[in-house]
2 protein chains.
Amino acid sequence: MASTHTNHSSSPTADPEFFAVIPAGGSGTRLWPLSRSQEPKFLLDLLGTGNSLLVDTVTRLEPFADVAHILVVTGSAHEAAVRKQLPALGATGVLVEPSSKNSAAAVGLAAYVLARTSPEAIVGFFAADHVVANEAVFQETLRAAIHAAHSDRLVTIGITPTEPSSAFGYIRTGDAHAGSAVVREVTEFVEKPSFVDASRYVASKEYLWNAGIFVGKVQTVVDAFEEFAPELAKHLSEAAALAERGESMEGAWSAIAAEAFDYAVAEPAARAGRFLVVPGDFGWRDVGDFASLAQAQNGGQTSDVIVVGDSAKVHPHDSSGIVVGTSGRIITVLGVKDIVIVDTPDALLVTTKEHAQNVKQVVEQLKEQGLNNLL
Amino acid sequence: MASTHTNHSSSPTADPEFFAVIPAGGSGTRLWPLSRSQEPKFLLDLLGTGNSLLVDTVTRLEPFADVAHILVVTGSAHEAAVRKQLPALGATGVLVEPSSKNSAAAVGLAAYVLARTSPEAIVGFFAADHVVANEAVFQETLRAAIHAAHSDRLVTIGITPTEPSSAFGYIRTGDAHAGSAVVREVTEFVEKPSFVDASRYVASKEYLWNAGIFVGKVQTVVDAFEEFAPELAKHLSEAAALAERGESMEGAWSAIAAEAFDYAVAEPAARAGRFLVVPGDFGWRDVGDFASLAQAQNGGQTSDVIVVGDSAKVHPHDSSGIVVGTSGRIITVLGVKDIVIVDTPDALLVTTKEHAQNVKQVVEQLKEQGLNNLL
């Protein structure tokens with residue numbers, strides 16, 4: 001476990017094994033009361049495709065990874081639901097975290113588990129709750145990233161920005177990598193900027209959105225943990241060993257600091273020149289709040305009333321916005337603009353698109369009031 | 001039945017019998033989905049007093065009329081609910097209309113039924129769904145009206161306007177009646193005016209709101225029907241005779257034209273100089289839509305969120321308006337102004353105070369769509 005990234009600069013293989021890891025955590029509180037702690041965003045059929053975002057994510061990766069090579073990392077609260085939605089995942093296809101420790105732990109646990117059997121395989125990490133409109137371009141982009149990962153570098157996929165969003169982190173791109181037409185060096189990962197900075201980033205064309213997608217050799221990922229987050233690495237390595245023996249991870253797990261992967265590993269690794277990036281323009285969306293859900297439903301249009309659920313139940317008059325109905329009731333909307341209505345069996349939210357980001361604070365207040373059964 | 005109002009100018013008695021008639025009809029569609037055709041406004045505890053508007057109306061009249069002298073006129077669809085809410089009403093305390101024929105028929109049926117046994121009694125007519133804030137002033141005003149009715153004139157109670165409303169009809173007042181400090185002649189009943197005309201009316205101090213309350217000797221009321229609506233009078237007289245014998249009114253009833261009492265009787269009677277008026281300033285409200293319900297709940301204030309129902313279930317943040325909750329769900333409201341939210345078990349309405357009057361049109365559209373189970 002003392003290896004560093006320089007010890008593993010093996011040459012690219014033509015057809016390495018590929019594993020897809022899907023950390024499935026986060027409750028999506030800005031989508032409350034649709035998204036709940038017991039049924040978070042990734043388990044929901046948010047776009048009315050008939051499948052949850054998680055199932056859509058697995059389906060999207062099937063051209064790259066047999067189901068036996070797909071690993072979902074989730075909390076114990078969601079294991080049953082994940083297995084129910086994805087019965088094809090075997091016993092070892094779901095890695096269950098004893099408690100939520102943020103993204104560095106979820107990514108690292110999967111990497112260390114894979115390292116025990118397949119250190120030379122390529123692994124990709126993909127959020128469980130993102131939306132991709134153009135699957136063909138996604139596949140082309142991922143193929144390029146996997147190819148670039150043969151170089152023993154970590155490779156992220158950066159999304160070509162469509163607007164100066166302050167909701168995402170950014171990736172600053174540098175020179176072309178080894179003469180490639182698509183792969184570039186990463187100069188740095190930048191945390192969520194102000195709108196003004198975001199506007200500057202987008203205008204410069206130097207920056208891409210950080211979608212949290214990255215690819216690398218398993219050993220390269222593990223090496224990055226060893227080098228940039230040695231304390232995490234130690235506990236994750238122990239946890240993976242326990243998991244492999246079918247023993248409880250609790251002891252090792254409780255010692256793990258809850259850190260974001262970007263902060264603990266990706267940012268320092270990028271500063272040390274370890275990251276490459278492949279730009280991708282495949283209609284990616286992080287449906288983070290109801291305003292973006294309305295956009296995702298409506299192909300970017302913002303007029304009229306977008307319905308998520310049974311549109312026959314929704315009766316809009318002289319109104320615009322989004323109505324999400326899961327209660328089965330008739331919903332009549334009259335003379336309201338940019339409204340957000342989320343109608344579930346036990347909770348109703350009425351707000352506006354402008355306030356969509358603040359739903360998170362509402363949920364925090366409900367939590368403070370002890371209304372945990374609604375969260 | 002051929003008597004006219006001039007045949008019955010008997011002198012006032014000191015303590016005549018008093019009957020209170022409460023026509024309980026109308027579905028209150030502007031209060032949908034709270035008010036339904038099967039559970040209209042008058043059956044609802046609209047103000048959270050613990051009683052329906054109908055029960056509050058009966059209670060308000062008890063200082064004047066023993067329960068045996070209270071008559072509710074309602075449709076067959078509501079008989080059971082009325083009897084359940086008012087078990088003290090005897091078998092003859094509820095007059096059931098075979099079908100809805102507007103207010104002239106409801107008023108006239110009660111008058112003709114009472115005329116068969118108590119033509120010299122005084123009868124007062126009171127809407128089933130109005131709100132009175134100041135009971136003491138109401139009693140004082142009604143006492144003056146009953147006193148004035150001894151003169152064999154019809155006596156209406158006119159509400160001192162608090163604003164230039166275009167939602168009510170107006171009563172134009174004339175000279176003081178026989179030197180009275182409170183009773184005035186009625187010059188005319190005016191239909192709902194434009195806002196401009198209403199402003200002029202209120203500024204002139206000559207006009208009062210028509211609250212549909214009026215008092216008269218039973219025979220005087222009947223005489224007015226004979227004189228001004230002889231066709232209605234004929235069928236109503238037949239219907240009352242059938243009702244007294246416990247026989248079906250259907251035949252006589254079906255011949256009755258559906259006319260408003262104001263149009264068929266009160267307006268021509270006023271033009272003929274038959275009406276007196278007692279002004280009343282007792283915090284009267286016709287809670288006709290959600291904007292006025294919010295006002296009634298909040299003592300005229302319009303800021304913040306007014307809750308009708310369990311306020312512990314409503315969580316407002318940076319919002320104003322009214323939330324009516326009967327579904328038992330948690331309702332969270334974030335960043336919306338002058339909003340109207342009506343949350344019932346099978347239907348949800350979201351609109352604004354500005355559009356409160358238009359709810360009626362929404363209900364008409366639902367009807368056209370055949371969604372009668374929701375109306």
Side-chain angles (χ1 to χ4, degrees), chain A residues 30 32-33 36 289-291 305 312-319 321-369 371-375, chain B residues 30 32-33 36 289-291 305 312-319 321-369 371-375:
Chain A
R30 284 171 301 160
W32 180 89
R36 305 290 179 102
D289 62 31
F290 290 110
V305 170
K313 299 271 190 188
V314 179
H315 298 253
H317 304 260
D318 188 24
S319 296
I322 180 167
V323 175
V324 184
T326 68
S327 76
R329 303 185 310 162
I330 286 282
I331 302 172
T332 296
V333 187
L334 170 64
V336 285
K337 301 296 177 191
D338 281 334
I339 199 82
V340 172
I341 298 171
V342 187
D343 182 60
T344 76
D346 61 349
L348 168 68
L349 170 71
V350 178
T351 186
T352 65
K353 284 189 188 176
E354 192 194 344
H355 290 79
Q357 290 275 328
N358 303 328
V359 172
K360 195 184 177 99
Q361 280 86 61
V362 167
V363 172
E364 276 157 19
Q365 286 192 27
L366 291 173
K367 198 172 197 170
E368 282 164 20
Q369 289 164 41
L371 294 165
N372 294 309
N373 59 320
L374 291 165
L375 305 181
Chain B
R30 284 170 301 160
W32 181 87
R36 305 291 178 100
D289 62 31
F290 290 110
V305 171
K313 299 270 190 189
V314 179
H315 298 253
H317 304 260
D318 188 26
S319 296
I322 179 166
V323 176
V324 183
T326 68
S327 76
R329 302 185 309 163
I330 286 282
I331 302 172
T332 296
V333 187
L334 170 64
V336 286
K337 301 298 178 189
D338 282 333
I339 199 85
V340 172
I341 298 171
V342 187
D343 181 60
T344 75
D346 61 349
L348 168 68
L349 170 71
V350 178
T351 184
T352 66
K353 285 189 186 174
E354 192 195 343
H355 289 80
Q357 290 276 327
N358 303 330
V359 172
K360 195 185 179 99
Q361 281 86 60
V362 167
V363 172
E364 276 157 18
Q365 286 193 28
L366 290 173
K367 199 171 195 168
E368 283 164 20
Q369 288 164 41
L371 294 166
N372 294 308
N373 59 320
L374 291 166
L375 305 181

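Small disclaimer: the values here were computed from a predicted structure and weren't measured.
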Task: Spacing of B:Thr332 atom OG1 and A:Leu374 atom CG [to the nearest 0.5 Å] - done: 8.0 Å
Task: Most contacts with chain A, counted as non-hydrogen pairs under 4.5 angstrom, among B:Leu371, B:Asp346, B:Ile330 - done: B:Ile330
Task: Close side-chain approach of B:Arg329 and A:Asp343, heavy atoms under 4.5 Å - done: yes
Open item on the list: Using side-chain heavy atoms (C-beta onward) and a distance below 4.5 Å, is B:Ile331 in contact with A:Val350?
Closed with: no
Open item on the list: So, taking the atom named NE2 in B:His315 and the one named CG in A:Leu349, what distance separates them when rounded to the nearest 0.5 Å?
Closed with: 12.0 Å
Task: Structural part of A:Gln365 lying under 4.5 Å from a heavy atom of chain B - done: side chain
Task: chain B contact via A:Gln369 - side chain, backbone, both or neither, heavy atoms under 4.5 Å - done: side chain
- [ ] Could you tell me whether the side chain of A:His317 reaches within less than 4.5 Å of the side chain of B:Asn358, counting heavy atoms only?
- [x] no
TODO: List the steps and the verdict of side chain to side chain contact (heavy atoms under 4.5 Å, CB included) for B:Ile341 and A:Leu348.
DONE: CA-CA 10 Å; B:Ile341 298 171; A:Leu348 168 68; 3.8 Å; yes
TODO: Please report the shortest heavy-atom distance between A:Ile339 and B:Ile339, naming the atom on each side.
DONE: CD1-CD1, 4.0 Å
TODO: Please flag which part of A:Ser327 lies under 4.5 Å from any non-hydrogen atom of chain B: side chain, backbone, both or neither.
DONE: side chain
Open item on the list: Can you tell me which portion of A:Val323 sits under 4.5 Å from chain B's heavy atoms? Options are side chain, backbone, both or neither.
Closed with: neither
Task: Under 4.5 Å from any heavy atom of chain B - which part of A:Pro345 - done: backbone
- [ ] Give a yes or no on whether A:Lys367 atom NZ has more than 12 heavy-atom contacts from other residues, nucleotides or ligands under 6.0 Å away.
- [x] no
TODO: Assess whether atom CD of B:Gln361 is packed by more than 12 heavy atoms of other residues, nucleotides or ligands within 6.0 Å.
DONE: yes
Task: Structural part of B:Val340 lying under 4.5 Å from a heavy atom of chain A - done: neither
